Amino acid sequence: PGRSDAAPIDAEDLCPGQLTVEGRISDLESDSNLFGVTVRNAADPGQATTSAPNGRALLCVDRADEVAITVTASESW
């Protein structure tokens with residue numbers, strides 16, 4: 001599974017042998033961070049994580065030329 005806010009702040013490879021997908025999940029209108037949003041690899045739903053309280057989501061996915069990511073909020077924002 002992906003790692004959330006506890007990831008170290010250095011050049012360490014967070015996803016050895018995989019691609020690292022990292023992003024901030026936020027509301028486009030208010031720019032507030034969204035917590036608990038599911039981020040998943042569309043091709044492999046087992047590769048998933050949830051966003052941290054600061055909106056950060058880090059997902060490790062299998063290497064591929066293209067990777068489709070789905071983002072699903074559990075609440076209505």
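Positions are given from 1 along the sequence. From a predicted model like this one, the values you see are computed outputs, not experimental measurements.
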Asks: Quick one: side chain to side chain contact (heavy atoms under 4.5 Å, CB included) partners of Ala64, sequence neighbours excluded?
Replies: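 Side chain to side chain contact (heavy atoms under 4.5 Å, CB included) list for Ala64, sorted by chain: Val67.
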
Asks: Just how far is it from atom CG of Asn41 to atom CD1 of Ile69, taken to the nearest 0.5 Å?
Replies: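 Reported to 0.5 Å precision, the distance equals 5.0 Å.
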
Asks: Sequence neighbours excluded, which residues qualify as side chain to side chain donor-acceptor pair (under 3.5 Å) partners of Asp62?
Replies: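 If we apply the side chain to side chain donor-acceptor pair (under 3.5 Å) test to Asp62, skipping adjacent residues, the hits are Gln18, Gln47.
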
Asks: List for me each residue that meets side chain to side chain donor-acceptor pair (under 3.5 Å) alongside Thr72, sequence neighbours excluded, and say none if there are none.
Replies: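 Listed in chain order: nothing, the list is empty.
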
Asks: Could you list all the salt bridge (Lys or Arg N to Asp or Glu O under 4.0 Å) pairs where at least one residue sits in residues 34-52, not counting sequence neighbours?
Replies: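 Not a single pair qualifies under salt bridge (Lys or Arg N to Asp or Glu O under 4.0 Å).
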
Asks: Could you list all the disulfide bond (SG atoms under 2.5 Å apart) pairs where at least one residue sits in residues 13-44, not counting sequence neighbours?
Replies: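 Qualifying pairs, neighbours excluded: Cys15-Cys60.
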
Asks: Donor-acceptor pair, distance only, cut-off 3.5 Å: does the side chain of Thr49 make one with the backbone of Ala57?
Replies: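 Looks like no, no N/O pair under 3.5 Å.
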
Asks: Is the backbone of Gly36 close enough, under 3.5 Å, to the side chain of Ser51 for a donor and an acceptor to pair up by distance?
Replies: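 Answer holds: yes.
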
Asks: What are the two closest heavy atoms between Asp27 and Ser30, and how far apart are they?
Replies: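 So the two residues come closest at OD1-N, 2.8 Å.
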
Asks: Do you know the tightest heavy-atom contact between Asn33 and Arg24?
Replies: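 That closest heavy-atom pairing would be OD1-NE, 2.6 Å.
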
Asks: Measuring from atom CG of Leu59 to atom OG1 of Thr50, what distance do you get when rounded to the nearest 0.5 angstrom?
Replies: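 So the gap between those two atoms works out to 10.5 Å.
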
